[in-house]
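Here the structure comes first, spelled out in structure tokens, and everything after it is commentary.
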Amino acid sequence: MASESDTATSNFIRSMIEKQAATTVATRFPPEPNGYLHLGHAKSICLNFGIAKEFNGWTNLRFDDTNPDKESEEYMQAIKRDVEWLGFNWKSLCYASDYFDDLYECAVALVKSGDAYVDSLSAEEIREYRGTLKQPGKESPYRNRNAEQSLELLEEMKAGKHNEGDHILRLKIDMASSNMNMRDPAIYRIKKSHHYRTGDKWSIYPLYDYTHCLSDAIEGITHSLCTLEFEDHRPLYEWVIEKVKASSVQVELGSPVQTEFGPLNLEYTVLSKRKLVELVQKGIVNGWDDPRMPTISGLRRRGFTPDSIREFCRRIGVTKSSAVIEMGVLETVVREELNESAQRRMAVLEPLKVIITSIADDHNEILELANHPNKPELGSRQLPFTREVYIEQSDFEEEPPPKFKRLIPGGEVRLRSSYVIRCDEVIKDENGQIIEIHCSHDPDTLGKKPEGRKVKGVIHWVPVEQSVKSEVRVYDRLFNRPDPLAEEDYLNAVNPDSLVVLSNARLEPSIGDAETGSKFQFERQGYFAIDDDSTAEHPVCNRTVGLRDTWS
RNA sequence: UGGGGCGUGGCCAAGCGGUUAAGGCACCGGGUUUUGAUCCCGGCAUUCGUAGGUUCGAAUCCUACCGCCCCAGCCA
């Protein structure tokens, strides 16, 4: 259990709700099924589900599926799985596509009331007519086409009688508005694509600004929480609901209020679906659940837990500024949880053979090792101590740097949970490469301190014969600069060494049959999770995060 | 003078006219330790983008200035 605090830090959204009369708090998490969820979504999920739960309200999971070109069943299923995995339960599973009929009916009403019209300008012309940030736009010549004509065209668009781009349905607001979103925004475009849910029923699809607010209103959402970039859309959000309510349609609409919060930014990675799609499609990573990805599925495979991700979201807070969070925060939450829950094991990532010459060839002493140094209730496991063991290559230095407390020629070191050994001889091949180390052990040091001297170093080890050969994947940050987007092309900032595969690692035998997803601390090295690729014949471990290291 | 937002220590973030300006991460000590881990103890903003003003009193109110972010998809 992570130290998930029960005293939630105050934030402006909570304060706002506290000041409001005690009404139900109804929220929604509205992803478009066009990719996998990432940490930015986790922040939104924790906020939406968390705040509703806190005020005894409810939350819908709604798929904002109005652009069939980019959406799929696969993405939809992945999103559902990830939200559930994070530990949240939705009240209703909704789809914007379920409202297509109602939405169309509302659009017809808006045309009739003179609040919408079919424009027949081309996309380029519309862009020109829109004006610029500093100059007002000008009205389309089709803007005052009568309602009957617009209605007829809209029906034809719906019936598939026109080609994509020929016409578009726009709201009639204000082409001179200083808010670009109010310059007669498009609300329906002709698109003859197959929709993963509605199939080929529709030839026109509603756009976000029109769909989102009405979906919220239809579901009875009270608090529509979204990120800062939608701040400018709020007047439009309110305009649409007001106009539809004033129209003759018999769709029952609530009165949702949109509130915006700052999006999550994380150092050394990118959090935008468009860019994550690119990383996947260009093969820069191995799929959406590549453990280097900031996706929920990637983090899960990497060894993160739902608790640690929720704790991360709690710690970063919710404000109106776009914060850039340091990786250290993410690393800390998962270390804190795994330190409590993960059983300890020994594993040698880059083996160096040690022969303990003072021990007989057939020596096979069974050691009983605690699974957790501070939690005896987690029990113990057995590990054979034999004449030949592997230690980490980096735990031996012929010419040690200052303050090196590991094995050196003539020096002593403790084999973790075992005996103190002394390095007597370094065996090299004809090229001068170290092949093995010959040591002798002090038989009187099992479970006790050596007499008359102190041995500072403790290193991990595994028996040569009984250890299990395994592949260990060590991950580093995906990008080599904290702000990859500051690069001309962010792909230039991809870290070429973000994955290091150690294919000759040795695990202590008790890990051999651990199931996929199991998490351990490999002592002195970090936290590791058994990967999906792992099999009994070929175990594969992912390093979730290293231990805090004040030495190297 | 397009419009909309945001500026509290290296990174987050409380604070809402009277507090010694919470807390976390990071960092720096010191102690314990058969993981250079954990754990423990201590340190870490006379100051809240800047400059003025209001007030007995300002991070909190006002004014000006500076900096950063977002907006011209028939994406969401």
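Residue numbers start from 1 in every chain, and the chains themselves are labelled A, B, ... in the order their sequence lines are given, proteins ahead of strands. Because the structure is a prediction, the values reported are computed rather than measured.
Judged purely by atom type and a 3.5 angstrom limit, A:Lys158 has no side-chain atom pairing as donor or acceptor with the backbone of A:Ile204.
When each of A:Lys191 and A:Phe404 is assigned the nucleotide of RNA chain B with its nearest heavy atom, A:Phe404 is the one assigned upstream, toward the 5' end. Of the residues near RNA chain B, A:Lys320 and A:Leu446, the one whose nearest nucleotide (by heavy atom distance) lies more toward the 5' end is A:Lys320.
Among the nucleotides B:A76, B:C75, B:G24, the one closest to the side chain of A:Arg315 is B:G24.
Contact check, A:Ser15 against B:C16: no side-chain N or O comes under 4.0 Å of OP1 or OP2. Side-chain nitrogen and oxygen atoms of A:Thr319 include at least one within less than 4.0 Å of the OP1 or OP2 phosphate oxygen of B:A13. A close approach under 4.0 Å does occur between a side-chain nitrogen or oxygen of A:Arg130 and OP1 or OP2 of B:G73. Side-chain nitrogen and oxygen atoms of A:Arg183 include none within less than 4.0 Å of the OP1 or OP2 phosphate oxygen of B:G73. The side chain of A:Arg234 places no N or O atom within less than 4.0 Å of a non-bridging phosphate oxygen (OP1 or OP2) of B:C71. Close to B:A14, at under 4.0 Å from its OP1 or OP2, lies no side-chain N or O of A:Arg14. Taking only side-chain nitrogens and oxygens, A:Arg189 comes nearer than 4.0 Å to OP1 or OP2 of B:C75. Applying the 4.0 Å criterion to OP1 and OP2 of B:C75, one finds that A:Thr66 has every side-chain N and O outside that range. A sub-4.0 Å separation between OP1 or OP2 of B:G36 and a side-chain N or O of A:Arg406 is absent. In this structure, A:Ser321 does not reach the B:G5 phosphate: none of its side-chain N or O atoms is under 4.0 Å from OP1 or OP2. Between A:Lys403 and B:G36 there is no side-chain polar atom (N or O) within less than 4.0 angstrom of OP1 or OP2.
Residue side chain A:Asp232 reaches the base of B:G3 through a donor-acceptor N/O pair under 3.5 Å, judged by distance alone. Side-chain atoms of A:Glu326 and base atoms of B:G10 include a donor and an acceptor less than 3.5 Å apart. Between the side chain of A:Gln521 and the base of B:U35, at least one donor-acceptor pair of N or O atoms lies under 3.5 Å.
Figure legend. B:C65 is base-paired to B:G49; pairs are counted as Watson-Crick or G-U wobble with both atom distances under 3.5 Å. Both distances falling under 3.5 Å, in either a Watson-Crick or a G-U wobble arrangement, place B:G15 opposite B:U8. Across every strand in view, B:C27 sits in a pair with B:G43 that passes the Watson-Crick or G-U test at under 3.5 angstrom. Judged by Watson-Crick or G-U wobble contacts below 3.5 Å, the nucleotide B:A58 has no partner.
Following rounding to the nearest Å, A:Leu415 (CG) and B:U35 (P) show an atom-to-atom distance of 13 Å.
Between A:His233 and A:Tyr208, the angle of the ring planes goes over 60°, which puts this pair in the perpendicular group of the 30/60° scheme.
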